[in-house]
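Letters go in sequence order (proteins before strands), and every chain restarts at 1. Note that this is a predicted model, so its numbers are computed, not measured.
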Amino acid sequence: MSEITAIRGMNDILPSETACWQFLERTVAAVLSSYGYDEIRLPLVEKTALFKRSIGEVTDIVEKEMYTFDDRNGDSMTLRPEGTAGCVRAAIQQGLLNTPQRLWYTGPMFRYERPQKGRQRQFHQTGVEAFGVATPDMDAELILLCAQIWRQLGLLDSMELQLNSIGSAEARRAYREALVDFLQARVEQLDEDSQRRLHSNPLRILDSKNSQTQSVLDDGPSLEDFLDEEASADFARLCELLQAAGIQYVVNRRLVRGLDYYNKTVFEWVTRELGAQGTVCAGGRYDGLVGQLGGKATPAIGCAMGMERLVLLLLEHGQATAPPAADVYVVAAGDAAQGIALAATQALRCQQPQLRIVQHTGGGSFKSQMKKADKSGARVALIWGEDEVAAESVTVKSLRAQNGERAAQVTVALRELETTLCAALAP
RNA sequence: GUGGCCGUAGCUCAACAGGUAGAGCACCGGAUUGUGACUCCGGAGGUAGCGGGUUCAAGACCCGUCGGCCACCCCA
């Protein structure tokens, strides 16, 4: 193998998978449109400061996962590790915040992490962001929108919705203090990672996978008790709305998010079918971020779904992955036939643009061309040989004759090609 | 960044107390001159990830390195 290979964690998406991707992208876009969301297309690269200020200086993403480099002017740039920051930046810069905005975007994100199942260094997210609405009906809409996407994808039964409210920044500050005080007295019982988090990011201890750490937390302070009245009321209202809409959910009081900008509602859609990377979609409210990035104070909520993880789920559920077969394969033996076939096929593409017509290229014997025709999966072969050229005709041959009826083929005048072909292709 | 497992033809995998590599699929050609599929025959394709060591001899053993997978971590 050549020593030039793809960069670790940046995978090729092969033809055998793209049908699944297209189904996913098409379905997601259709649902988003049906909720009145508009697509926005954003740069892959932004100034480094944007991510540091939005995601948080002490998060793992900013500290060790960003692809950051200096451009030729010496300015620090970063390949986007997530989409919200850029979307907020654009909304502020382009003056989109005078009225409620419902936006979505899709594309690659970049994080320098060790690859594993459902995790790569270049991965794809579709993000949804709603600006300008502070009330929990907006939260409910976003969650319903997700549920609708899962339903349309046939994945609703694979998903569990986990919900929490992390309240205001002040509430979290107070809670963090209480939590640190509590855990400090029990440091010895915590796993190594959680001991480290005690200093760096104590709230993340809450979703530790270590069972002993989890049982230590059972006697600790609950974030719920520190929530301000508004956050509690809004969360209760959100739960009511979800119940009314028939959305199943689980309140997980230990659900926190890794990015600093979240407040109040946070949620995750998780699945047990994907191994360790079970979070398929996650998001929450970020009412402070727009102001923090220099815009006028604007409430907002958003979420992002991991497209690779959705593709994995779709594949495990047996979504068709084969690229579509050709409809027609064009066999032409000899130089004269080749010229006529090429022209006739071009005309056919004008008449029947939806047909997938594969022209044989590269020469080869008649027999080998027929083999290619068969392997292409085409239902019909169009054949031009010496006889057809001489008679200004073409042979239309059905390659997928049903049991018994021996390979139906008919030779007709060129001008009858379109109707004969359509008849042969008719079910 | 840490750990476990793995690295043989395009793909999926074999073999053998360590004695210089094989199958299936795929690919190419042929089975009387322009007709695919099934069948039969033939062919091409690997300096065994890379480097070093042990040995008369290593794909097999040892070390290193790179890469892959999965998990930790992190998160979508």
Span that lies between the [atom1] atom of [M] and that of [N], in whole angstrom:
| N | M | atom1 | value |
| --- | --- | --- | --- |
| B/G51 | B/C72 | C1' | 30 Å |
| B/A23 | B/A15 | C1' | 10 Å |
| B/U47 | B/C11 | P | 13 Å |
| B/G42 | B/G24 | P | 12 Å |
| B/G7 | B/A76 | P | 35 Å |
| B/C61 | B/A17 | C1' | 12 Å |
| B/C6 | B/C25 | C1' | 23 Å |
| B/C50 | B/U8 | P | 10 Å |

Using a strict 4.0 Å threshold on nitrogen-to-oxygen distance, state whether [X] and [Y] make a salt bridge.
| X | Y | value |
| --- | --- | --- |
| A/R80 | A/E82 | no |
| A/E39 | A/R102 | no |
| A/D193 | A/R196 | yes |
| A/R172 | A/D260 | no |
| A/E113 | A/K64 | no |
| A/D218 | A/R254 | yes |

Within-4.5 Å side-chain heavy-atom neighbours: A/V128 and A/L103: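 No, their side chains stay 4.5 Å or more apart.
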Go ahead and name the base partner of [N]; Watson-Crick or wobble counts if both distances stay under 3.5 Å, otherwise write none.
| N | answer |
| --- | --- |
| B/G59 | none |
| B/U47 | none |
| B/G3 | B/C70 |
| B/C25 | B/G10 |
| B/U32 | none |
| B/U20 | none |
| B/A37 | none |

[X] side chain N/O closer than 4.0 Å to the phosphate oxygens (OP1, OP2) of [N]?
| X | N | answer |
| --- | --- | --- |
| A/K209 | B/C72 | yes |
| A/R196 | B/C73 | no |
| A/R119 | B/C74 | no |

Nucleic acid footprint by protein, nucleotides 28-35 of chain B - heavy-atom cut-off 4.0 Å, B for base, S for sugar-phosphate alone: SS----BB
In whole angstrom, give the distance that lies between atom [atom1] of [X] and atom [atom2] of [N].
| X | N | atom1 | atom2 | value |
| --- | --- | --- | --- | --- |
| A/F110 | B/A76 | CZ | P | 16 Å |
| A/E192 | B/A71 | CD | C1' | 16 Å |
| A/E308 | B/C69 | CD | C1' | 17 Å |
| A/Q120 | B/A71 | CD | C1' | 16 Å |
| A/R114 | B/G4 | CZ | P | 11 Å |
| A/L206 | B/C74 | CG | C1' | 16 Å |
| A/I61 | B/C73 | CD1 | C1' | 13 Å |
| A/Q195 | B/C73 | CD | P | 14 Å |

A/L223 and A/S165: which non-hydrogen atoms are nearest, and at how many Å?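 What the structure gives for the nearest pair is CD2-O, 4.0 Å.
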Using heavy atoms to find the nearest nucleotide of RNA chain B for A/V280 and A/Y112 separately, return the residue whose nucleotide is more 5′.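 Result: A/Y112.
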Heavy-atom nearest nucleotide on RNA chain B for A/C281 versus A/N210: which residue maps closer to 5'?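 Result: A/N210.
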Between the base of B/C73 and the side chain of A/Q116, is there a donor and acceptor pair under 3.5 angstrom?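 In this structure, the two groups form a donor-acceptor pair.
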Among B/C74, B/A76, B/C70, find the nucleotide with the atom closest to the side chain of A/K117.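 For A/K117, the side-chain atoms sit closest to B/C70.
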Can you tell which of B/C72, B/A76, B/G36 lies closest to the side chain of A/E113?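 In terms of side-chain proximity for A/E113, the closest of B/C72, B/A76, B/G36 is B/A76.
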Under 4.0 angstrom, heavy atoms only, what part of the nucleic acid is [X] near: base, sugar-phosphate, or nothing?
| X | value |
| --- | --- |
| A/G275 | sugar-phosphate |
| A/A282 | sugar-phosphate |
| A/E65 | sugar-phosphate |
| A/A304 | sugar-phosphate |

Can a cation-pi geometry be assigned to A/R119 and A/F123, taking NZ or CZ under 6.0 Å from the six-membered ring centre and within 45° of the ring axis?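 No, A/R119 does not lie over the aromatic ring of A/F123.
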Checking side chain to side chain donor-acceptor pair (under 3.5 Å) against A/T395, which of A/D387, A/T420, A/T411 comes through?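 The side chain to side chain donor-acceptor pair (under 3.5 Å) with A/T395 is passed solely by A/T411 among A/D387, A/T420, A/T411.
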